[in-house]
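What follows is a short report on a single structure.
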Protein chains: 2
Amino acid sequence: MREDGPVTSLDPAVAARLKRDADGLVAAVVQDADSRDVLMVGWMDDEALHRTLTSGRSTFWSRSRQDYWVKGETSGNIQEVREVRLDCDGDTLLVVVDQTGPACHTGDRTCFDADRLL
Amino acid sequence: MREDGPVTSLDPAVAARLKRDADGLVAAVVQDADSRDVLMVGWMDDEALHRTLTSGRSTFWSRSRQDYWVKGETSGNIQEVREVRLDCDGDTLLVVVDQTGPACHTGDRTCFDADRLL
């Protein structure tokens, strides 16, 4: 699909460091800058990362809807991006944000609140 | 490959809630219990999750080596598991650990220390 990256304005020096999965995506872990809670995990292709870096709003690729989505676009529960880091493997991003309202679409503060296995 | 889950002793009630990718895996975000730093992201199949839940040591599936690995098995930089949570989508785990030594194989404290994009 997008293994070689889509048409995007992402900085080529950054794009060259990404190790995308078969669908051209990297995982993006979103962490709250203040509480330091892990809020959610989304997926980004090159263009979603470019938009996240340049717009200051975290932007993901929806695997189910096959489209971009800006977190909070409809709910108002936006994420203002303070920091973006790439891991040592190049296949995961850490996005540190100021979260407005609950991060989870269920209304929970984080997407990890509801189901504790251990 | 392992879409239907491997032969594993993972609690069927937990296995039924997992939404695995095409390779039978879910992402596992590892967070330090004390510093609350996001340390790394690994991948787990049903059996890796079972071992993580029952052994108290975080255990992953290596996509490159196609084998299980216990974090710190060779380096000594083990992760003692304090908490495991499943996200609202069932496709990501949050593993909260007591980390011994640096979490990254590069010697960095976390896998996100070296490459800041924003």
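Labels below follow one simple rule: chain letters A, B, ... track the order of the sequence lines, proteins then strands, and each chain is numbered from 1. Computed over heavy atoms, backbone and side chain alike; hydrogens, waters and symmetry mates excluded. Source: prediction; values computed, not measured.
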Under a 4.5 Å side-chain heavy-atom rule over Ile, Leu, Val, Met, Phe, Trp and Tyr, are Met40(A) and Val84(A) clustered together?
yes
Report yes or no: do Val95(B) and Val29(B) belong to one cluster of Ile/Leu/Val/Met/Phe/Trp/Tyr joined by side chain heavy-atom distances under 4.5 Å?
no
Val41(B)-Leu117(B) co-clustered via ILVMFWY side chain contacts under 4.5 Å
no
Heavy-atom closest contact (Phe112(A) atom, Leu94(B) atom, distance)
CD2-CB, 3.5 Å
By a 4.5 Å heavy-atom criterion (distance strictly below it), what part of Val38(B) contacts chain A: side chain, backbone, both, or neither?
both
Find the N and O donor-acceptor pairs between chain A and chain B that sit under 3.5 Å apart.
residue   : atom : partner   : partner atom : Å
Arg17(A)  : NE   : Asp115(B) : OD2          : 2.7
Arg17(A)  : NH2  : Asp115(B) : OD1          : 3.0
Arg17(A)  : NH2  : Asp115(B) : OD2          : 3.4
Gln31(A)  : NE2  : Arg36(B)  : O            : 3.0
Ser35(A)  : O    : Arg36(B)  : NH1          : 2.8
Arg36(A)  : O    : Gln31(B)  : NE2          : 3.0
Arg36(A)  : NH1  : Ser35(B)  : O            : 2.9
Arg36(A)  : NH1  : Asp37(B)  : OD1          : 2.9
Arg36(A)  : NH2  : Asp37(B)  : OD1          : 3.1
Asp37(A)  : OD1  : Arg36(B)  : NH1          : 2.9
Asp37(A)  : OD1  : Arg36(B)  : NH2          : 3.1
Arg63(A)  : NH2  : Asp91(B)  : OD2          : 2.7
Val84(A)  : N    : Leu118(B) : O            : 3.0
Val84(A)  : O    : Leu117(B) : N            : 2.7
Val84(A)  : O    : Leu118(B) : N            : 3.2
Arg85(A)  : NH1  : Phe112(B) : O            : 3.2
Arg85(A)  : NH1  : Asp113(B) : O            : 3.3
Leu86(A)  : N    : Asp115(B) : O            : 2.9
Cys88(A)  : N    : Cys111(B) : O            : 3.0
Asp91(A)  : OD2  : Arg63(B)  : NH2          : 2.7
Cys111(A) : O    : Cys88(B)  : N            : 3.0
Phe112(A) : O    : Arg85(B)  : NH1          : 3.2
Asp113(A) : O    : Arg85(B)  : NH1          : 3.3
Asp115(A) : O    : Leu86(B)  : N            : 2.8
Asp115(A) : OD1  : Arg17(B)  : NH2          : 3.0
Asp115(A) : OD2  : Arg17(B)  : NE           : 2.7
Asp115(A) : OD2  : Arg17(B)  : NH2          : 3.4
Leu117(A) : N    : Val84(B)  : O            : 2.7
Leu118(A) : N    : Val84(B)  : O            : 3.2
Leu118(A) : O    : Val84(B)  : N            : 3.0

Are Leu53(B) and Val97(B) connected in a single hydrophobic cluster, I mean Ile/Leu/Val/Met/Phe/Trp/Tyr linked by side-chain heavy atoms less than 4.5 Å apart?
yes
Please say yes or no: joined through hydrophobic side-chain contacts below 4.5 Å, possibly via intermediate residues, are Met44(B) and Val30(B) part of one cluster?
yes
With a 4.5 angstrom heavy-atom cut-off, is it the side chain or the backbone of Leu93(A) that approaches chain B, or both, or neither?
both
Among the options Gly90(B), Cys104(B), Cys88(B), pick out the one with the most heavy-atom pairs lying under 4.5 Å from chain A.
Cys88(B)
